[in-house]
Colleague: 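Pasting a structure below so you can have a look.
Atoms considered below: every heavy atom in the structure, side chains included; atoms not considered: hydrogens, waters and symmetry mates. One-based numbering, in listed order, for ligands and for the atoms of each. In this chain, residues are counted from 1 in sequence order.
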Amino acid sequence: MMNNNKIANRILKRQVVREAVLYETIGDSKVRCKLCERRCVIASGTRGFCKTRMNIGGRLFTLVYGNLSAIESRPIEIKPFYHYWPGSTALTFSTWSCNFTCPWCQNYHLSRRVPEPEIDSFTSPSHIIDLATLRGDDGVCASFQEPTLLTDWAIDTFSMARAHGLYSCYVSNGYITLEALELLRNAGMSAIKIDVKGDMEVYDKYCGCASDKFVWRNISHATNSGLHVEVVNLLVTGVNDDECSIRNVVDNHLKYAGTTIPLHFNRYFPAYKYDKPPTDLGVMKIAYQLAKSAGVEYVYLGNIPDANYQNTYCPNCNSVLIKRSSLGIIRKNIARDHHCLNCGKKIPIVGRIID
Ligand code: SF4
């Protein structure tokens with residue numbers, strides 16, 4: 001007991017350790033975390049599923065407040081966001097670990113590492129804002145691993161970003177609770193990209209017994225509460241690349257997001273513990289056609305050689321509005337106020353087009 005108390009006292013002195021937002025005490029020194037829909041019940045001296053939150057003496061602490069694993073200025077198109085500040089760059093950061101267990105994770109060196117608060121270093125929100133300003137970034141973005149786990153620190157960083165005229169966004173698996181989503185929105189977050197992994201069985205089998213219902217609920221809630229939303233479906237060979245799975249995603253997209261929210265299908269490449277071949281290019285094109293013919297107005301294919309699938313086309317007259325390549329974007333038939341220059345249709349884009 002003496003030893004445990006010593007460890008707890010040492011941890012509590014670290015700057016990356018703060019009392020967590022969103023938890024409740026439930027008796028017997030246990031707490032329930034309310035940050036993501038796992039809603040872990042955590043006994044004293046132990047951590048939740050994601051290992052970033054720890055019950056110390058009957059209170060819940062985050063171990064990743066400003067505990068960053070990466071900081072980099074990145075084009076917003078890489079997230080991908082195609083209808084949010086096109087052509088801009090965001091100072092992008094991440095912490096450690098994840099609340100999912102996807103075996104094909106591209107960033108497993110970040111998402112599978114357990115935070116070590118006794119040795120990990122601290123970055124302040126003000127340092128991030130200074131850095132973004134110095135580098136000429138237009139906004140800030142939490143990405144690379146699951147940003148839900150960084151929410152305590154992101155709330156402070158995003159409110160500071162708003163005060164400095166920078167946008168804020170999340171690149172997320174969408175398993176966050178509505179309470180946490182609202183805290184972020186109130187702090188100034190204006191966009192969220194949500195990864196849809198597939199149907200119920202995919203979430204259950206590959207994501208650590210998770211459920212797709214919370215993800216679609218959050219897509220609907222975020223859209224209706226005024227956040228800019230884009231949806232991504234990584235088509236993984238042998239997991240969710242059959243026509244039935246793709247139709248399921250398209251149907252849910254139309255039901256919970258609607259016709260005007262962009263839907264991206266991204267091509268998978270082998271990584272971490274999953275070594276099936278990259279997604280068949282024919283399957284990618286079938287997904288594109290399925291979504292377009294079902295009524296999704298803005299469909300994109302990522303990680304494929306044909307850049308035409310990354311352009312934004314007017315759903316009314318089919319003019320190229322924004323042309324994309326590895327070199328950046330070119331504004332074509334779209335006015336600065338987001339009208340199609342050919343037919344006048346208003347295109348749903350948030351923020352300035354920076355070309
Ligand atoms: S954020 Fe972590 S501790 Fe909290 S409910 Fe989710 S997995 Fe559990």
Colleague: Check each heavy atom of Arg39 against ligand 1 and say whether those closer than 4.0 Å belong to the side chain, the backbone, both or neither.
Modeller: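 Backbone only.
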Colleague: Mind checking whether Tyr300 and Tyr288 sit in one hydrophobic cluster, side chains of I, L, V, M, F, W, Y counted as touching below 4.5 Å?
Modeller: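 No, it is not one cluster - the side chains of Tyr300 and Tyr288 are not joined through contacts under 4.5 Å.
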Colleague: For the SG atom of Cys98 and the CG atom of Asn173, what is their distance to the nearest 0.5 Å?
Modeller: 5.5 Å
Colleague: Should the pair Arg113-Glu116 be classified as a salt bridge under the 4.0 Å nitrogen-to-oxygen rule?
Modeller: yes
Colleague: Tell me if the CZ atom of Phe269 is crowded by more than 12 foreign heavy atoms within 6.0 Å.
Modeller: yes
Colleague: What is the minimum heavy-atom distance between Gly238 and Tyr206, and which atoms define it?
Modeller: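 Taking Gly238 first and Tyr206 second, the nearest heavy atoms are O-OH, 4.5 Å.
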Colleague: May I have the step-by-step check of side chain to side chain donor-acceptor pair (under 3.5 Å) for Thr95 and Asn67, ending in yes or no?
Modeller: CA-CA 6 Å; Thr95 183; Asn67 180 349; 4.7 Å; no
Colleague: Everything protein-side that's N, O or S and under 2.8 Å from atom 2 (Fe) of ligand 1: list it, residue and atom.
Modeller: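 Sorted hits: Cys50 SG.
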